Amino acid sequence: MRVLIVGGSGFLGGELIRLCAGLGHVVGATRFSGPAGGGSSPAEWFPADVRSRAAVAEVVGGFRPDVTINAAYRSGDWATTADGAAHVAAAVARSGGRLVHVSSDAVFSGDAPSYDETCPPDPVNPYGAAKAAAETAVRALVPGAAIVRTSLIVGGGGSTHEAFVRALATGSASGVLFTDDVRCPVHVADLAAALLELAERDLPGVHHVAGPEAVSRYELGLLIARRDGLPEQRLRPGLRTTAGVRGPLAVHLDCSATRRRLQVRLRGASEFLKPTRS
């Protein structure tokens with residue numbers, strides 16, 4: 001199978017490349033910036049700015065993937081997150097093949113106790129609005145696409161969340177971890193495997209793919225510090241509601257319907273961040 005990873009230089013993109021190549025798929029990947037992996041990379045790399053409709057169409061039309069997985073986004077950039085998703089969907093609609101689009105729990109306000117796959121987006125910040133707009137574009141242009149809403153992606157030490165906790169615990173950064181900002185973290189390997197399974201089985205529609213355990217960013221930080229043997233007393237709790245940071249608070253993704261369809265097991269944070277004993 002020919003698989004194109006849009007946003008291959010990101011944390012999730014890198015995991016998808018390793019997984020797909022390890023299973024024998026022919027892998028292409030796009031990057032706007034960042035390392036392309038050099039000669040040792042298992043992917044064929046294409047420099048492409050997803051904000052350019054023509055650039056995306058050229059890559060998709062030239063590589064001719066059986067499956068395109070769009071993992072590209074930029075938190076403060078509508079053109080990348082929303083317009084870029086529309087450009088990818090338009091290119092897939094023109095060239096053919098399946099599309100798996102990675103969305104986010106940021107499309108929700110956090111006002112409801114939980115959100116399943118039938119819940120409509122009600123974002124409260126620009127990033128969530130961009131992700132919701134991206135979903136609308138993908139559904140309109142590729143009705144058979146899989147739209148995957150996920151949560152905080154961690155695992156293996158390479159995520160921004162883990163890097164921030166290490167910086168706080170070692171004193172190289174200052175700040176707090178919010179106790180009122182609750183998510184359902186997912187391990188990057190679990191998410192990548194779920195995305196590929198959805199692609200291989202051609203399962204369309206909206207899917208929620210996150211861990212079964214809801215924890216605050218502070219609780220997540222403590223789990224990361226304990227796993228890595230870092231001084232957790234250096235992690236300071238704080239409140240998002242008093243910090244002036246716009247965004248949803250407690251967002252509980254109900255993934256039960258998707259979990260029943262998937263063979264991949266989605267682990268909770270306390271399991272995949274459990275310290276390993278030598």
Side-chain angles (χ1 to χ4, degrees), residues 10-16 18-19 71 73 75 102-108 110 113-115 125 127-128 148-195 207-243 245 247-256 258-259 262 264-278:
F11 181 51
L12 174 59
E15 183 66 27
L16 282 165
R18 287 188 291 273
L19 174 64
Y73 78 97
S75 185
V102 181
S103 190
S104 167
D105 59 5
V107 302
F108 297 121
S114 65
Y115 296 89
N125 68 353
Y127 175 63
V148 179
R149 296 175 183 145
T150 191
S151 191
L152 299 179
I153 307 172
V154 296
S159 69
T160 56
H161 315 291
E162 292 162 285
F164 183 52
V165 169
R166 284 195 300 272
L168 292 176
T170 57
S172 61
S174 60
V176 300
L177 294 169
F178 299 134
T179 58
D180 57 349
D181 187 335
V182 177
R183 297 291 189 273
C184 299
V186 63
H187 195 284
V188 66
D190 296 350
L191 176 57
L195 293 171
H207 308 271
H208 285 184
V209 178
E213 186 178 1
V215 297
S216 71
R217 288 183 184 263
Y218 178 68
E219 292 169 324
L220 180 62
L222 293 177
L223 289 171
I224 293 169
R226 290 166 189 162
R227 181 201 63 184
D228 295 345
L230 299 170
E232 59 188 78
Q233 64 273 16
R234 286 193 170 184
L235 304 181
R236 296 190 298 116
L239 293 173
R240 184 167 189 155
T241 50
T242 61
V245 180
L249 293 178
V251 181
H252 297 247
L253 282 187
D254 180 350
C255 305
S256 54
T258 299
R259 281 202 303 268
L262 291 177
V264 172
R265 190 172 74 88
L266 303 171
R267 296 167 290 169
S270 61
E271 178 182 352
F272 64 72
L273 290 172
K274 185 176 181 180
T276 56
R277 305 297 182 187
S278 56

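Treat the numbers as computed from the prediction; the structure is a model and nothing was measured.
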Taken in chain and number order and not counting sequence neighbours, the residues that satisfy side-chain hydrogen bond (donor to acceptor under 3.5 Å, both in side chains) with Ser103 are Glu135
All ring pair (Phe, Tyr, Trp, His ring centres under 6.0 Å) counterparts of His187, not counting sequence neighbours: Phe272
Val209 versus Leu195: any side-chain heavy-atom pair under 4.5 Å? no
Quick one: NE2 on His208 to OG on Ser256, what's the gap to the nearest 0.5 Å? 10.0 Å
In this structure, are over 12 heavy atoms from other groups packed under 6.0 Å from Phe108 atom CZ? yes
Tell me every residue that passes side chain to side chain contact (heavy atoms under 4.5 Å, CB included) with Arg265, counting only those two or more places apart in sequence or in another chain. Arg267, Glu271
Results of salt bridge (Lys or Arg N to Asp or Glu O under 4.0 Å) for Arg240 - residues two or more places apart only: Asp181
Contacts of Ser104 meeting side chain to side chain contact (heavy atoms under 4.5 Å, CB included) (sequence neighbours excluded), chain-then-number -> Ala106, Tyr127, Lys131
Go through the structure and list residues passing side-chain hydrogen bond (donor to acceptor under 3.5 Å, both in side chains) with Ser75, not counting sequence neighbours. none
Minimum heavy-atom separation for Phe164 to Val176, with atom names? CE2-O, 3.9 Å
Report the residues that fulfil side-chain hydrogen bond (donor to acceptor under 3.5 Å, both in side chains) with Thr241, sequence neighbours left out, ordered by chain and then residue number. Asp180
Do any N or O atoms from the side chain of Arg166 and from the backbone of Gly157 form a donor-acceptor pair under 3.5 angstrom? yes
Determine whether Val182 and Leu249 make a side-chain contact, defined as any pair of heavy atoms from C-beta on separated by less than 4.5 Å. no
Does the side chain of Asp105 come under 3.5 Å of the side chain of Ser151 through a donor N or O and an acceptor N or O? yes
Heavy-atom closest pair (Val186 atom, Gly211 atom, distance to 0.1 Å) is CB-N, 3.9 Å
Donor-acceptor contacts under 3.5 Å from residues 218-226 side chains, at least two apart:
| from | atom 1 | to | atom 2 | distance (Å) |
| --- | --- | --- | --- | --- |
| Glu219 | OE1 | Ser216 | N | 2.8 |
| Glu219 | OE1 | Ser216 | OG | 3.4 |
| Arg226 | NE | Glu232 | OE1 | 3.1 |
| Arg226 | NE | Glu232 | OE2 | 3.3 |
| Arg226 | NH2 | Glu232 | OE2 | 3.2 |

Measuring from Ser174:OG to Leu168:CG, what's the distance to the nearest 0.5 Å? 8.0 Å
Across all chains, not counting sequence neighbours, the side chain to side chain contact (heavy atoms under 4.5 Å, CB included) partners of Ser172 are Ala167, Thr170
Nearest atoms (heavy-atom pairs only) where Leu235 meets Ala169: CD2-N, 4.0 Å
Under the rule for salt bridge (Lys or Arg N to Asp or Glu O under 4.0 Å), what residues qualify as partners of Glu162, not counting sequence neighbours? Arg227
When you look at Val102 and Tyr73, which way does the side chain to side chain contact (heavy atoms under 4.5 Å, CB included) test go after all the steps? CA-CA 9 Å; Val102 181; Tyr73 78 97; over 6 Å; no
At their closest point, which heavy atom of Ala194 faces which heavy atom of Leu262, and how far apart are they? CB-CD1, 3.9 Å
Check side chain to side chain contact (heavy atoms under 4.5 Å, CB included) between Ala192 and all other residues, then give those that pass, not counting sequence neighbours. Leu12, Glu15, Leu16, Leu19
Taken in chain and number order and not counting sequence neighbours, the residues that satisfy side-chain hydrogen bond (donor to acceptor under 3.5 Å, both in side chains) with Tyr115 are Ser109
Restricting to non-hydrogen atoms, name the atom on Leu239 and the atom on Phe178 that form the minimum distance, rounded to 0.1 Å. C-CD2, 3.5 Å
Less than 4.5 Å apart, side chain to side chain, heavy atoms only: is that true for Val154 and Ser159? yes
Looking only at heavy atoms, the pair that brings Pro248 and Gly110 closest together is CB-N, 4.2 Å
Could you state the interatomic distance from CG (Leu273) to CG (Asp228), rounded to the nearest 0.5 Å? 8.5 Å
Find the distance between CG (Leu152) and NE2 (His161) and round it off to the nearest 0.5 Å. 4.5 Å
